[in-house]
Amino acid sequence: MEDHELVRRAQAGDARAFTTLVRHHERSLYATAYAITRSQWDAADAVQDALADAYAGIRSLRDPDRFGAWVSRIVVNECNTLLRKRVRVVPMEEPPEPQAFVWDGPEDGLDLMRAVHGLSPDHREVVALRYFRDMKLGEIAEVLGCPTGTVKSRLNRAVASLEAAMCPRTEEEVSR
């Protein structure tokens, strides 16, 4: 069943339809939140809070075809709220990462996530939305509330930084 039909059902009060929507989007939402927050704990919290907000506000979504962008915006907002709170908290010791959210992708995916975590917050957001949520540039601009040109430049700079981090040049290549 298509997302827009599931949204209509969820708006009519069908909790199972919302659960199915969540299942369609949860992995990419989590990957997006993890890329932004750089913490499995915070990513899980952000997605959980965002989905609770989405469930409570599903009737306010005017265009059922825009569910992906709408819920992505909620996740990004939750991540940014967590990051603002994190600045004020001084942890005494880093808690262990939860075992329930262990990366189950290919081995080189770990290197990619480390490289994504090394990006600035603005660059992490655009990379996460483009590659983990598979959003188009215009959708990302709408979600982030900035011009499409800004999204393009952030994405280009982020990809260049990722390339440099993932494929460091040897001295021989640099001297050519």
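Between the side chain of H117 and the backbone N or O of Y34 there is at least one donor-acceptor pair closer than 3.5 Å.
In terms of heavy atoms, A141 sits closest to P147 at CB-C, 4.0 Å. Across every non-hydrogen atom of F132 and S28, the tightest pair is O-CB, 2.9 Å. Among all heavy-atom pairs drawn from S60 and W70, the shortest one is OG-CZ2, 4.2 Å. In this structure, V75 and L29 approach most closely via the heavy-atom pair CG2-CD2, 3.7 Å. Contact between A33 and A46 at its shortest, heavy atoms only, is CB-CB, 4.4 Å.
Residues satisfying the side-chain contact (heavy atoms from CB on, under 4.5 Å) test with E139, not counting sequence neighbours, are R66, M135, K136. For the side-chain hydrogen bond (donor to acceptor under 3.5 Å, both in side chains) test, no residue two or more places apart in sequence or in another chain qualifies with S161. Taking E5 as the reference, R9 meet the salt bridge (Lys or Arg N to Asp or Glu O under 4.0 Å) condition, with sequence neighbours excluded. Residues meeting the side-chain hydrogen bond (donor to acceptor under 3.5 Å, both in side chains) test with E125, sequence neighbours left out: N80. Every residue was checked against the ring-ring contact (aromatic ring centres under 6.0 Å, His included) condition with H123, not counting sequence neighbours, and none meets it. Taking the side-chain contact (heavy atoms from CB on, under 4.5 Å) definition, one finds that H4 meets it with E2, R8, P64, D65, sequence neighbours left out. Looking at residues two or more places apart in sequence or on another chain, you find no salt bridge (Lys or Arg N to Asp or Glu O under 4.0 Å) involving D63. When the salt bridge (Lys or Arg N to Asp or Glu O under 4.0 Å) test is applied to D42, the partners found at least two apart in sequence or on another chain are R86. For R23, the side-chain contact (heavy atoms from CB on, under 4.5 Å) partners at least two apart in sequence or on another chain are T19, E26. Take D3 and apply the side-chain contact (heavy atoms from CB on, under 4.5 Å) test, not counting sequence neighbours, and it matches L6, L21, H24, H25.
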Output side-chain donor-acceptor pairs under 3.5 Å for residues 11-18, partner residues at least two apart or in another chain, one line each.
residue : atom : partner : partner atom : Å
Q11     : NE2  : I58     : O            : 2.9
Q11     : NE2  : L61     : O            : 2.7
D14     : OD1  : R16     : N            : 3.0
D14     : OD1  : A17     : N            : 3.2

Could you pull out all donor-acceptor pairs under 3.5 Å where a side-chain atom in residues 151-159 meets a protein atom, sequence neighbours excluded?
residue : atom : partner : partner atom : Å
S153    : OG   : G149    : O            : 3.4
S153    : OG   : T150    : O            : 3.0
N156    : ND2  : K152    : O            : 3.3

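Residues D53 and N77 fail the side-chain proximity criterion, which asks for heavy atoms closer than 4.5 Å. Side-chain atoms of I36 and L83, non-hydrogen and from C-beta on, do get closer than 4.5 Å to each other.
How far OG1 of T148 is from CD1 of I140: 9.5 Å, rounded to the nearest 0.5 Å. In this structure, OG on S39 lies 8.0 Å from CG on D45, to the nearest 0.5 angstrom.
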Discussion item. Working note: M1 + T20, criterion side chain to side chain contact (heavy atoms under 4.5 Å, CB included); need CA distance, chi angles, decisive distance, verdict.
Written reply: CA-CA 9 Å; M1 185 174 297; T20 304; over 6 Å; no

Practice prompt. Step by step, work out the side chain to side chain contact (heavy atoms under 4.5 Å, CB included) result for R38 and M113.
Written response: CA-CA 9 Å; R38 300 184 290 179; M113 286 308 286; over 6 Å; no

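Between the side chains of R133 and T32, no donor N or O sits under 3.5 Å from an acceptor N or O.
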